[in-house]
A.B. asks: 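This is the structure I want to talk about, given as structure tokens.
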Protein chains: 2
Amino acid sequence: MSKKPVAARQTQPSLRHVAARANVSVMTVSNVINGRMARVGKEVAERVRAAIDELGYRPQRSGRSLRLKREFALGLTVMHPDRRFLDDPYITQVAAGMSNHLATIGYGLMVNGLQDREALAAFVGRSTGYDGFAVMVSGGRDERLSTYRTLAQLNVPMLIVQDLPPEDLPAASSVRQDDRGGAAALTEELLRLDVRRLLCVMPRQIWPGTEQRAAGIADATRARIAEGQLVVDYLTSHEEDFETSVEEIAQRLSQGPAPDAIMGGNDQLGLAAIQACTRCGFAVPRDIMVTGFNAFWFRKFSTPVLSSVTSPAYEIGLEAARMLVRTIDGEEPGGQHKLLPVHPAAGGSIRPAAEPKFGIRDGEATAAAGEGHSSGCR
Amino acid sequence: MSKKPVAARQTQPSLRHVAARANVSVMTVSNVINGRMARVGKEVAERVRAAIDELGYRPQRSGRSLRLKREFALGLTVMHPDRRFLDDPYITQVAAGMSNHLATIGYGLMVNGLQDREALAAFVGRSTGYDGFAVMVSGGRDERLSTYRTLAQLNVPMLIVQDLPPEDLPAASSVRQDDRGGAAALTEELLRLDVRRLLCVMPRQIWPGTEQRAAGIADATRARIAEGQLVVDYLTSHEEDFETSVEEIAQRLSQGPAPDAIMGGNDQLGLAAIQACTRCGFAVPRDIMVTGFNAFWFRKFSTPVLSSVTSPAYEIGLEAARMLVRTIDGEEPGGQHKLLPVHPAAGGSIRPAAEPKFGIRDGEATAAAGEGHSSGCR
DNA sequence: CTGTTAGCGCATTCAA
DNA sequence: TTGAATGCGCTAACAG
């Protein structure tokens, strides 16, 4: 029996209400809820559960958080100039992976888009409410590092997606996909098909991943370029405005000597390249081969289906959530770095002979190779 | 001077630490932080601000939440069988709209995907931590209503996106786009172009919006069907597997008499229809006209660009957040219902003459009509 | 203008 | 096995 009368409340019932109703102390109710059945008699537990049901009681996060110094939530912070920051399949897959993993352990995911440094400052000044967060930042490396340093002031575990932290943030973890290796492997595959002139179309809006892909292409082409066996051209294009991309690529195609292959820095640009080829009268893949990167669902919207590289974005989200939670739980220090492999995504925009030889995983590549073939425009 | 010594803590500084450092009481610090400058001397405020900066203090949400009975966060709950629930442009735009509005008022957005009723039950049993939530549910109407009823047990303001609540939930609000009217207008436009046989391709996975679009098509065709001037066929197709959709539509095209137009229940299916037409040797829009719905960015990936209807999904997110917050603040009761207009999104997959006459907004439609024309495959 | 008191809901600690 | 006391960080209400 509680001495203090329970104040009349319009709001949610609390432990006290349940305790009063079940004629037990609040601690007993707390123990029942948290499954500490060793400390509660069976009959009492039943009574408590009945009271919980009758009152529709659900534990209130804020009290629990205050007591345990745990928010039971992670953040996903995206620094990107477009206000529709979420409208990017990469980000949504990471978010879905995080959210789904967190749901299994009773955590929530808070998403935040920061359009500029001003929003970043406001965010850092205000934000609490999670135990750790993952961050995805667009822009050049220096800009990104500065953003990471600012975010580190939040003073909770931070995990960087698709990028490495600067050395002065040893506590920051990271999860990346092997963009560099994947791009190199893809490039080598094209080179094996006698590509002598290659056009790389990179997005104007830089992300860490696209930087790495450019590096991978450079890795794979350096020797041949030196030998004079290969010419690599670059074109920077808006990925946001598809039609503009198509025109920019088409214009380039109509100017100089035609490339044997076009590598898009992502799938959007790969699709734009296919359209540009078609528009200029080149057949894909016969005259020009085309590749994308990430193998998102919309790569199938082209004819032929865009050959690409499968991104484990969803798995990155899962892993990011797992790593952060382990660090928060003190099971693992910060500063961990994971690199997930990428796999070839067969399509019809590379000449078929190439597909089975791509990458390490012969079996999978062969199995997947059939995937795109039925969609040819015959 | 605080009597109780401030315990040594590894964690974040609290008001007490700041107060001790600035030699003031906690309330003064609180007042400074909350901008109640009328109650604080100018010099003292400066000293407090200095202490805040030196300690890197940020207010802790849980204490504030506990005291004020406010979580300063909204939820976005998506009930959909695919674990990659976020991988849908409609949902991401709603989420971005909500998140961006909430950021301006210091609120957070928590996203949740529920794959099945089991996850739903777990969610309802556990979830606290927001002051209200928006919900997007796929499936048939009865299923959806049952989901809304279950979610209503959370006992915080609920706003349904793209659907109306059942009558026994008068407190639930909603925001929708005018799918029915938009689909009807689009259909009428096609009928004006002498369509005598129409094929509607609807997704297998139902959402409230697709249901409404089907209703709109029925509205617009009923009379002509009765007069024997029009035949409408229906095809249900997976939108998830693009290649399968293309094949299903192509098969239908090769079976019976060819339709004059194909209406896709969404943009994915519209794109699939264009590919199916091409594959079967029909020119779009000359032989068969094709439409989609929502006008998401990827509609431009086809040649010709898919004619569609612009969805205000982002604005729906903004409005959802605004309405929920107003209800939470007690400025407005629940049970409000908003319907946002849709607009034609000109493309090349309807014969050009049609575009300017579409819908109400002649000026806008005419202006937009040029948009798609340059991308024809000429 | 500034300080004191009290209590939000919960779980750890200790006592019965 | 159960209960009572305590305090996490914060702010409304009131006292000085």
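Numbered from 1 within each chain, the chains take letters A, B, ... in sequence-line order.
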A.B. asks: Calculate the interatomic distance between B:Gln12 atom CD and D:dC10 atom P; express it in whole Å.
C.D. replies: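 Nearest whole value for this atom pair: 10 Å.
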A.B. asks: Let me know the distance between CD of A:Glu43 and P of D:dT2, rounded to the nearest Å.
C.D. replies: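 From A:Glu43 CD to D:dT2 P: 10 Å.
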A.B. asks: Could you state the atom-to-atom distance from CZ of A:Arg16 to C1' of D:dA4 in whole Å?
C.D. replies: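 Rounded to whole Å, this separation is 14 Å.
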A.B. asks: Tell me: CG of A:Leu66 to P of C:dG7, nearest whole Å?
C.D. replies: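 A:Leu66 atom CG is separated from C:dG7 atom P by 16 Å.
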A.B. asks: Going by side chain to side chain donor-acceptor pair (under 3.5 Å), name the pairs with one or both residues in residues 29-41 of chain A, residues two or more places apart or in two chains.
C.D. replies: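 As it turns out, there is no side chain to side chain donor-acceptor pair (under 3.5 Å) pair with a partner in residues 29-41 of chain A once direct neighbours are skipped.
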A.B. asks: Please enumerate all residues that pass side-chain contact (heavy atoms from CB on, under 4.5 Å) together with A:Ser62, with sequence neighbours excluded.
C.D. replies: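 With sequence neighbours excluded, A:Ser62 shows a side-chain contact (heavy atoms from CB on, under 4.5 Å) to B:Ser65, B:Leu66, B:Glu71, given in chain and number order.
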A.B. asks: With no hydrogens and no angle check, is any side-chain donor or acceptor of A:Arg58 less than 3.5 Å from a backbone partner on B:Gly125?
C.D. replies: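 No; zero donor-acceptor contacts below 3.5 Å.
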A.B. asks: If a pair satisfies ring pair (Phe, Tyr, Trp, His ring centres under 6.0 Å) and one of its residues is in residues 41-66 of chain A, list it, with sequence neighbours excluded.
C.D. replies: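 Every candidate ring pair (Phe, Tyr, Trp, His ring centres under 6.0 Å) pair involving residues 41-66 of chain A fails, so no pair, neighbours aside, qualifies.
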A.B. asks: Which letters describe nucleotides 11-16 of chain D, given B = protein heavy atom under 4.0 Å from base, S = only from sugar-phosphate, - = neither?
C.D. replies: BBB---
A.B. asks: Could you note down all residue pairs passing side chain to side chain donor-acceptor pair (under 3.5 Å) where residues 105-116 of chain A supplies at least one of them, sequence neighbours left out?
C.D. replies: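 Counting only pairs at least two positions apart or across chains, the side chain to side chain donor-acceptor pair (under 3.5 Å) contacts touching residues 105-116 of chain A are A:Arg70-A:Tyr107.
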A.B. asks: Rounded off to whole Å, could you give me the CZ-to-C1' distance for the A:Arg58 and C:dC10 pair?
C.D. replies: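 Result: 16 Å.
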A.B. asks: OP1, OP2 of D:dG3 versus side-chain N and O of A:Thr28: anything below 4.0 Å?
C.D. replies: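 Result: yes.
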A.B. asks: For B:Pro81, what residues pass the side-chain contact (heavy atoms from CB on, under 4.5 Å) criterion, not counting sequence neighbours?
C.D. replies: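 Here the qualifying residues are B:Ser138, B:Gln205.
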